[in-house]
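Comments concern the structure below.
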Amino acid sequence: MAGDLEKPDGNHGRASSHGDSSDEFERIPGAEGHETKGSSGGETAVEKQDSHIVKVKGKDEDLYAHLPPAEAEILKRQVDIPAVEAGWRILYRYATTNDKLIMAVSALCSIAAGAALPLMTVIFGQLAGKFNAYFAGTVSHSSFEGTISHMVLYFIYIGIAEFITIYISTVGFIYTGEHISGKIRAHYLQACMRQNIGFFDNLGSGEVTTRITSDTNLVQDGISEKVGLTLNATATFVTAFVIGFIKSWKLTVILISTVAAIVAIMGGGSTFIVKYSKQSLQSYAEGGSVAEEVISSIRNATAFGTQDKLARQYDKHLAEAEKYGYKTKFVLAIMIGGMFMVIYLNYGLAFWMGSRFLVDGELSLSSILTILLSVMIGAFSLGNVAPNAQAFTTAISAAAKIFNTIDRVSPLDPTSAAGDVLEVVEGTIELRHIKHIYPSRPDVTVMKDVSLVIPAGKKTALVGASGSGKSTIVGLVERFYDPVGGQVFLDGHDVSTLNLRWLRQQVSLVSQEPTLFGTTIFENIAHGLIGTRFENEKGDSRNERIIEAAKMANAHDFISLLPEGYETNVGERGFLLSGGQKQRIAIARAIVSDPKILLLDEATSALDTKSEGIVQAALEVAAAGRTTITIAHRLSTIKDADNIVVMTEGRIVEQGTHDQLLTQQGAYYNLVEAQKIGDTKELSPEEQEKIDAEDSKIVRQKSSSEDPMDYEEDPDDKNVANKLNRTASEKSQSSLALQGRRTDGEVEYPLWTLIKLIASFNKTELHWMIVGLFFSIICGGGNPTQAVFFAKEIISLSVVLVSPVTGQAIPGARHKLRSDVDFWSLMYLMLAIVQFIAFCVQGVAFAFCSEKLIHRVRDRAFRTMLRQDIAFFDKEENTAGALTSFLSTETTHVAGLSGVTLGTILTVLTTLIAACVLSIAIAWKLALVCIATIPILLGCGFFRFWLLAQFQSRAKKAYEKSASYACEATNAIRTVASLTREHDVLQHYEDSLNEQAQKSLKSVLKSSLLYAASQSLMFLCIALGFWYGGNQIANRQYDLFQFFVCFSAVIFGAQSAGTIFSFAPDMGKAKHAAQELKVLFDRKPTIDFWSEDGEPVTELSGTVEFRDVHFRYPTRPEQPVLRGLNLSVKPGQYIALVGASGCGKSTTIALMERFYDPLSGGIYVDGKEISSLNVNDYRSFIALVSQEPTLYQGTIRENILLGADREDGAVTNEQIDFACREANIYDFIMSLPDGFSTVVGSKGSMLSGGQKQRIAIARALLRDPKILLLDEATSALDSESEHVVQAALDKAAKGRTTIAVAHRLSTIQKADVIYVFDQGVIVESGGHVELMQKGGRYSELVNLQSLGRHH
């Protein structure tokens, strides 16, 4: 209330006093003047509510400067993180001697494997030289054959050596990488478990998750196979140039220019690519967050019909992303084109310069070939060094962040053995002169000089506004924080001298948001036994203890009804149980160890009245005979406390029992009044007596007088039973209706349909496509053409200059050699330029098409998602997260079925077909032998790249499960700490890591075989070609020209084709993505706001009628929600729906908005059934204000305008101002520095709950609705904001048909008619007074919530 200091904050699982600020945004203190008052002062309450303007604080200011040094020291100690020096050594901190040995061996193997590749060029050159000599007649037939076999064997030896070394180095590096990063992971989680809670408040829950999931993956990535690849590439580069310099230093120096060119192209290109793709990702991320906001609040978007406005907003971001994506692909095209150009220019240069040296007698033909090839290989290997080395540096910086946490010494370390342990615990707690400040919010003093004694075995209750320091007391008793002044005593011992782990084992905590872990119910309750004397109990006594606790917590019955009983897995964070059920399991967990001290932090505030009664009863049984500290927002829950402590702004104002405090008429009295419901006065004595009897009966049931197990039943629990045993004869109307509805089957579309779908998005770019495909074919022709040039160059260089007979120079031979070589070198220049142009043009054309494609697909997918009805979003697989990631990832994969892929396929086909045709035409025998090796070479080229990608993604996938386990633990760190589960969590995590490491070792051993093979088989193929070709040449079947054309066209062609393969986007992913999109696009929702069908609605008077409506949610067909609902509303009436949770109140609202259609029965507005009306027209007359107000990123003005059902331009400022005044928010907006242009932050995070809710009301009023639907519009607020918002709602409801759902009955007393729901039907209706006199369900609900004196 006073000051929004204690917002419930989901991450920490309790109403925490530091949920709403990072260290940049601080709420201004001093704006929390809090005078207690009744419900009268509406207007001042508004002003007070809105006095927190958010102030932005500079990053560098010292946050603690205003505090005395001693206090600042205590706070700093709780949040400071020392920085670790980042060097490559830290990566290997946990490497064992074994690891180091394996790494050394692997490194040697990598270097050997790298050196082998250039050695091949020496053999290649020598073979070519031998062929040349044979034709020149300087070598005899027999010695020629001998040399050939000899050289071919060398190829085979190199191939075998390459296989072995690559296998060893890959396996070795991947194994050690996995091993070391596994240790880092375990140490990191261990360090997290050791930290104090203040450390986590400062981090934000996402940060630990990021470290565990992505940063450890980055480290592993940097120290695994990438190290081997870097060493390999470096060794290749060095060896290649060593060979070159040995053969001829002059030519090698000249050819180094190639290296410079390639490095410049790769380096320059990749910096641009990185820059543009960053920007593209950035603008898409903004679009993604728009999409996420919209999808997670789809009901709101549907209700207000704002899908189109929001989709346009999303589209703006897409256009931006498209622009940068286009630039990225454009640069990539130039880069690939440039690479091919440099290759061909390099051939030309080498032959041209080489011929000069040859003529001068400085070089032989074999040396020229060796140098040419080895420089090429060396230059390309250099290109491989950079990206892999980058992975290493990324790993270092990621590791630094991780080690920062690992090396941090925690000021409150739950794993340390230091501190005393008391023999006997009484349970008396005393706070002496406590001053407390949360480390994450140093400018707010939460408690000032508080002294309080909590006697052993008694029940003490803390009440007060939110932000008054109630939860803080719990945090201090659990010692989550150290106070900056004063001490906390347990039985007269200062808790800071006691062992922390032992202290937490004496105390059990039940918080507002119960956190369960993703294991069985039995295990969840057993977590409460950790560290107690019962921890190692086995067998029956343990089971009995757990079942006993469940019985005390009133949970045994519903657990027994579950199909697997106590062995039921609750899912992550207890997803599969209702709130009341989770809370009772949490209570069982808290009392199973029979703790001395029980802390209840608003344990029932998140529940509705009925579940609350049951949980409350369970708590009272649990609290008997223990020291209990209860914090309650609802005062009805603490009437029987031995001492009630009232707190305001971190001070204790008064304390005493319920009756004493009421007589004092102080702060407590006012709180009670505020929550009290107008009692009905006119009751006859008989009725009075009857009500008293009822009342005492309820009280009797609640207190544990006769039998502690005598409870009311929770409605949720009955349903469990109904779900399990319903026979066919009892089928209700709605289940029959549901049987008629068929499920959406998954359709498998043929590939052709999918390609047509994708092509339809690129219709307008057809001419671009054709240009791209034409140039793709030209790109493919480069290699075979090059083969002819290569052979011609060799022939030209083989011209005999000196006659072997006379030893004299042959006249004219030198000139002929030089002019031939010059001609073919110029042909290389021509080829280089043509290829460069071709690659650029096709790259640009396809970049344009594919970016347009991705943009259109995303836009259409998003619009189609928004078109779906609400039932679609209820399905488990369609959570906001899943749909958003579908938009960001699946849509980009689609490009794999577009022109780019087609272009790649055409290029590869052209290369292969041209090569085969060419070589068969020139020398068919040799051609066939070489063609036989094509599949192997293609496979090698493809697998080499594919497997590297596999290694990376395998590592990521492998750790997803253990990472999500670790994140579950760190997100629930308070629960883990209060249960002292630290060792337990670690043990689990390490087990799953070890299991993972074993699994992945097996898979690596297999996949590395394939990788090593893909690197080494190439040598064998070359050996085969040379051996067969050499034999044909020996028999004078073929000449040099035929041999070299065939050999280089087919073998080098296939190699380059294999490499191009790896550039192609992933086809498999593309097909899958297109399949998903087709399913999405074909899905026609039953309630379709795109359709023009239905009768247009021009005006509504606002009569509403439900006639015998039956309904079940499509996702939970076995659960009846409405079973024959009848209700009618006259124009302008204010009606209220009340009842326990799950009885169908909110469903009624959803059906009014036509989010769903009823299974049977009908809903009539002005006498027409709503399904016959045009859905957009109909919804434009209705406005919805829901429990969680939805705001989108943008300004306040934009958010309010979303309510308008006309274009933004048509809304005048007067209308906006009027709506805001009606909603009680106008003055607040005007008090902000930017007024209506104030940015609200993502999901409205810069505003408090009450402010957001009032903006939502203004938005609803802007459309001037005939029917106003309020779905628990104030339930998420505390009493004070509630008054303000309630006043705004009452104002808004005047003169409109209003249907309100309320949990807090005090908010709907003034309603014209109150309908009481139970199990999907209306059990009673009437005005407040009338229903109170009836003494039926309504008065029971009221009594449960009311707070009158004990009778």
Say you draw a straight line from [atom1] of [X] to [atom2] of [Y]; how long is it, rounded to the nearest 0.5 Å?
| X | Y | atom1 | atom2 | answer |
| --- | --- | --- | --- | --- |
| Ser1008 | Ile174 | OG | CD1 | 5.0 Å |
| Ser367 | Lys247 | OG | NZ | 4.5 Å |
| Cys967 | Leu189 | SG | CG | 9.0 Å |
| Ser992 | Tyr965 | OG | OH | 8.0 Å |
| Ile81 | Gln195 | CD1 | CD | 8.0 Å |
| Met120 | Met1018 | CE | CE | 5.0 Å |

Can you see which heavy atom on [X] is nearest to which on [Y], and at what distance?
| X | Y | value |
| --- | --- | --- |
| Ala321 | Ser280 | O-OG, 3.7 Å |
| Ser110 | Leu231 | CB-CB, 3.9 Å |
| Ile396 | Gly87 | CG2-O, 3.9 Å |
| Asn232 | Gly114 | OD1-CA, 3.1 Å |
| Ser257 | Leu349 | OG-CD2, 4.0 Å |
| Thr892 | Thr889 | OG1-O, 2.5 Å |

Whether [X] side chain and [Y] backbone form a donor-acceptor pair below 3.5 Å:
| X | Y | result |
| --- | --- | --- |
| Thr328 | Tyr324 | yes |
| Ser169 | Cys109 | no |
| Thr933 | Cys1021 | no |
| Thr907 | Gly780 | no |

Review point. Looking at the rings of His187 and Tyr94, which for Trp means the six-membered one, are their centres under 6.0 Å apart?
Key: yes
Exercise for review: Verify whether the ring centers belonging to Phe340 and Phe839 lie closer than 6.0 Å.
Suggested key: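 Yes, the ring of Phe340 comes within the 6.0 Å limit of the ring of Phe839, centre to centre.
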Can you find a pair of side-chain heavy atoms, one from [X] and one from [Y], that are under 4.5 Å apart?
| X | Y | value |
| --- | --- | --- |
| Phe173 | Leu229 | no |
| Tyr344 | Ile833 | no |
| Ile243 | Leu119 | yes |
| Lys323 | Gln279 | no |
| Val253 | Phe245 | yes |
| Lys999 | Glu995 | yes |
| Thr236 | Pro118 | yes |
| Lys329 | Glu851 | yes |

Would you mind telling me which of [options] makes a side-chain contact (heavy atoms from CB on, under 4.5 Å) with [X]?
| X | options | result |
| --- | --- | --- |
| Leu91 | Val227, Ile180, Val219 | Val219 |
| Tyr188 | Lys401, Lys183, Arg211 | Arg211 |
| Phe943 | Leu1017, Leu938, Leu1010 | Leu1010 |

Is it the case that more than 12 heavy atoms not belonging to [X] sit under 6.0 Å from its [atom1] atom?
| X | atom1 | result |
| --- | --- | --- |
| Phe272 | CZ | no |
| Tyr175 | OH | no |
| Tyr92 | OH | yes |
| Glu990 | CD | yes |
| Phe163 | CZ | yes |

Check your understanding: Quick one: do Asp215 and Arg185 make a salt bridge, cutoff under 4.0 Å?
Key ->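 A salt bridge is absent here (no side-chain N lies under 4.0 Å from a carboxylate O).
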Side-chain H-bond candidate by donor/acceptor type, [X] with [Y], under 3.5 Å:
| X | Y | value |
| --- | --- | --- |
| Thr96 | Asp99 | yes |
| Glu178 | Ser1000 | yes |
| Tyr1011 | Gln1015 | yes |
| Gln842 | Ser776 | yes |
| Ser181 | Gln220 | yes |

Exercise for review: Return the orientation label for the Tyr828 and Phe351 ring planes: parallel under 30°, perpendicular over 60°, tilted otherwise.
Suggested key: parallel
Practice item. Assign the ring pair Phe124 / Phe790 to parallel, tilted or perpendicular, where the plane angle (0 to 90°) is split at 30° and 60°. Key: tilted
Practice item. With side chain to side chain contact (heavy atoms under 4.5 Å, CB included) as the test, would you mind laying out the steps for Leu117 and Phe1019 before giving the verdict? Key: CA-CA 9 Å; Leu117 205 57; Phe1019 292 101; 3.5 Å; yes
Practice item. For Met376 and Tyr347, run side chain to side chain contact (heavy atoms under 4.5 Å, CB included): C-alpha distance rounded to whole Å, both residues' side-chain angles, the deciding distance at 0.1 Å, then the answer. Key: CA-CA 9 Å; Met376 293 277 293; Tyr347 276 113; 4.3 Å; yes
